[in-house]
Amino acid sequence: MEDCSFRPSTDSLDDPPNSRLFLVISKSITEDVIRENFSVFGEIQDIWMVKDKQTKESKGVSFVKFAKSSQACAAMEDMHGKCLAEGTKPIKVFMAQSRSSGSHRDVEDEELTRIFVMIPKTFTEDDLKETFKEYGDIEYCIIIKNKTTGESKGLGYVRYHKPSQAATAIENCDKTFRAIIAEPRTKNSGADNDYFSNARAEHVAGDPGMSGYPFADASNYGMADGRGSDIITRCLMVSSRASVTQEQVYGLFDLIPGMDYCEMQRDPYGFNKGQAMIRYNNLGSAVYAKEKLNGFEYPPGNRLVVAYIDDGEDRSSPVGKMAMQLVAAQMMSMVWNGPSGPQLMKTSAGFSAPSVPQMARVQTDVALPPLKKLAPSDSWVKERLFVVFNPAPLPVDVLEDVFCRFGSLVEVYLVPGRNVGYMKYAERKNANDAMAALHGKVVNGVKLKVMLADPPKEESHKRQRTY
DNA sequence: CGACGGGACGC
DNA sequence: CGACGGGACGC
């Protein structure tokens with residue numbers, strides 16, 4: 001079963017990354033001596049002594065491949081500077097450059113001590129530290145946040161003191177963190193002038209309630225004019241998949257003082273587009289409203305999307321922009337430190353009326369239960385349904401509407417380019433109920449096959465999936 | 001039959 | 001300074 005010691009001829013990358021060491025040693029040191037000294041750190045898969053082609057003499061260089069990066073790191077940390085035989089120079093031990101890189105620059109230990117992880121948006125830096133401290137002493141933890149609103153982007157860095165600690169964390173932490181060695185900070189990866197990062201964050205992964213939503217089309221809202229989506233204005237656009245009335249939107253946004261305008265948007269035929277424009281008489285109220293109500297479920301199960309739209313005011317001067325961001329920062333700290341939170345808002349008067357008429361958007365013979373709230377997006381997924389659509393997939397918002405009604409729906413994921421998708425549930429029973437009710441049924445003219453999903457086909461890791 | 005995404009930091 | 005070998009599954 002286990003393959004032989006040689007690597008396949010097709011290898012271009014070392015696998016796993018950072019598991020191969022580059023040794024500079026005295027020409028008199030033999031492979032056996034290296035093996036004796038290095039095998040105590042773990043499973044050695046290969047030792048290669050670089051020799052002169054003609055004379056077969058050692059060139060004083062060797063590569064040692066370990067099964068795991070943590071083993072290679074431990075060996076590097078322990079053996080660098082040691083003497084392997086009487087009268088020989090101390091050896092040098094570096095992480096080998098990956099064979100594909102072509103570079104022969106020494107890999108600095110610094111580059112091997114910082115990991116990059118995906119985390120729930122609710123994670124604080126203390127949470128990060130608590131989670132990752134079991135693998136070694138942490139120098140610091142940083143969560144990447146939107147610089148304007150301060151909200152987490154669900155990504156973080158953890159800096160350890162030693163490469164072996166970072167490697168151990170990558171190997172042993174829950175794989176949902178997708179931990180990898182972070183790219184060095186000084187080389188800016190180029191893709192980030194931050195002008196559109198906000199828009200990206202809001203309709204890319206993470207929040208299933210917004211994916212595929214027409215609101216994400218920035219061109220509708222003057223975001224394509226070069227100023228980007230990080231503008232802050234007194235004007236907001238709220239979008240809802242479920243039909244909401246002017247009165248409902250007004251009541252919701254009027255909970256925040258300072259609203260001076262609220263109007264539903266209608267298409268050329270006079271139909272409600274599920275969007276409304278709101279203007280406040282001051283920036284702070286608008287910032288607060290966006291922070292509190294973007295992603296808010298109203299009615300339960302229907303996530304509202306709230307974003308700034310250009311109010312036509314001139315904010316082109318750097319001073320004006322800075323002032324605006326200052327106001328935003330002050331509002332943010334108020335939001336975080338103040339006594340009121342989203343929970344307070346949800347239970348406040350005016351939110352208890354659950355009977356909001358739904359758009360005639362889902363047509364089916366199935367007797368559907370009422371809408372239910374989605375489970376938080378960072379919920380542990382205990383069951384997944386595999387759904388086949390015939391002839392074509394339903395839109396994500398329709399699927400959410402239908403599959404949330406059995407409870408604890410975490411996320412809908414459609415496989416791009418295929419007629420299949422996954423419904424993720426936090427509770428197994430809810431998934432089973434949905435399957436029983438919907439398998440073989442027709443929704444909006446699309447026939448559904450609804451089955452339990454097979455576990456993902458990944459290689460077995462330390463920790464097992466529990467679904 | 002019909003099968004598995006997403007990821008980067010104010011020097 | 002001190003950087004890249006060896007060998008071959010199974011249709």
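Note on naming: letters A, B, ... go to the chains in the order of the sequence lines (proteins, then strands), and numbering restarts at 1 for each one.
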What contact category does [X] fall into here, base, sugar-phosphate, or nothing, at under 4.0 angstrom with non-hydrogen atoms?
X	answer
A/I180	base
A/V50	nothing
A/N390	nothing
A/R114	base
A/N419	nothing
A/I142	nothing
A/V387	nothing
A/M451	base
A/V24	base

Per-pair stack call [X] and [N], 5.5 Å, 30°:
X	N	answer
A/F22	C/dA3	yes
A/F63	C/dA3	no
A/F386	B/dG2	no
A/Y157	B/dC9	yes

For the side chain of [X], counting heavy atoms from C-beta on, which of [options] is nearest?
X	options	value
A/D46	C/dC4, C/dG5, B/dC1	C/dG5
A/K53	B/dC4, C/dG5, B/dC9	C/dG5
A/L155	B/dC4, C/dG6, B/dG7	B/dG7
A/K92	C/dC1, C/dA3, B/dA3	C/dC1
A/K147	B/dA3, B/dG10, C/dC4	B/dG10
A/W48	C/dC4, C/dG2, B/dG7	C/dC4
A/V420	C/dG2, B/dG7, B/dA3	B/dA3
A/K27	C/dG2, B/dC4, C/dA3	C/dG2

Query raised in the report: Does a distance-only test, which skips hydrogens and angles, find a donor-acceptor pair under 3.5 Å between the side chain of A/R185 and the base of B/dC11?
Result: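 No.
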Rounded to whole Å, please give me the gap between [atom1] in [X] and [atom2] in [N].
X	N	atom1	atom2	answer
A/I47	C/dG5	CD1	P	17 Å
A/L452	B/dC4	CG	P	18 Å
A/F123	B/dG7	CZ	P	19 Å
A/I119	B/dA8	CD1	P	13 Å
A/R99	C/dA3	CZ	P	14 Å
A/K51	C/dG2	NZ	P	18 Å
A/L385	B/dC4	CG	P	17 Å
A/K175	B/dC4	NZ	P	15 Å

Query raised in the report: Cation over ring, A/R114 on A/Y157, under 6.0 Å and within 45°?
Result: yes
Query raised in the report: Do any side-chain nitrogens or oxygens of A/R418 fall under 4.0 Å of OP1 or OP2 in B/dA3?
Result: yes
Does any donor atom in the side chain of [X] or [Y] lie under 3.5 Å from an acceptor atom in the other side chain?
X	Y	value
A/S69	A/N18	no
A/T30	A/D32	no
A/S103	A/S101	no

Query raised in the report: What residue pairs, at least two apart or across chains, pass side-chain hydrogen bond (donor to acceptor under 3.5 Å, both in side chains) with a residue in residues 441-456 of chain A?
Result: none
Report task. Report the relative orientation of the aromatic rings in A/W48 and A/F63; use parallel for angles under 30°, tilted for 30 to 60°, perpendicular for over 60°. Result ->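 Correct class here is parallel.
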Query raised in the report: Given A/S19, which of A/K65, A/K68, A/Q71, A/Q45 fulfils the side chain to side chain donor-acceptor pair (under 3.5 Å) condition?
Result: A/K65
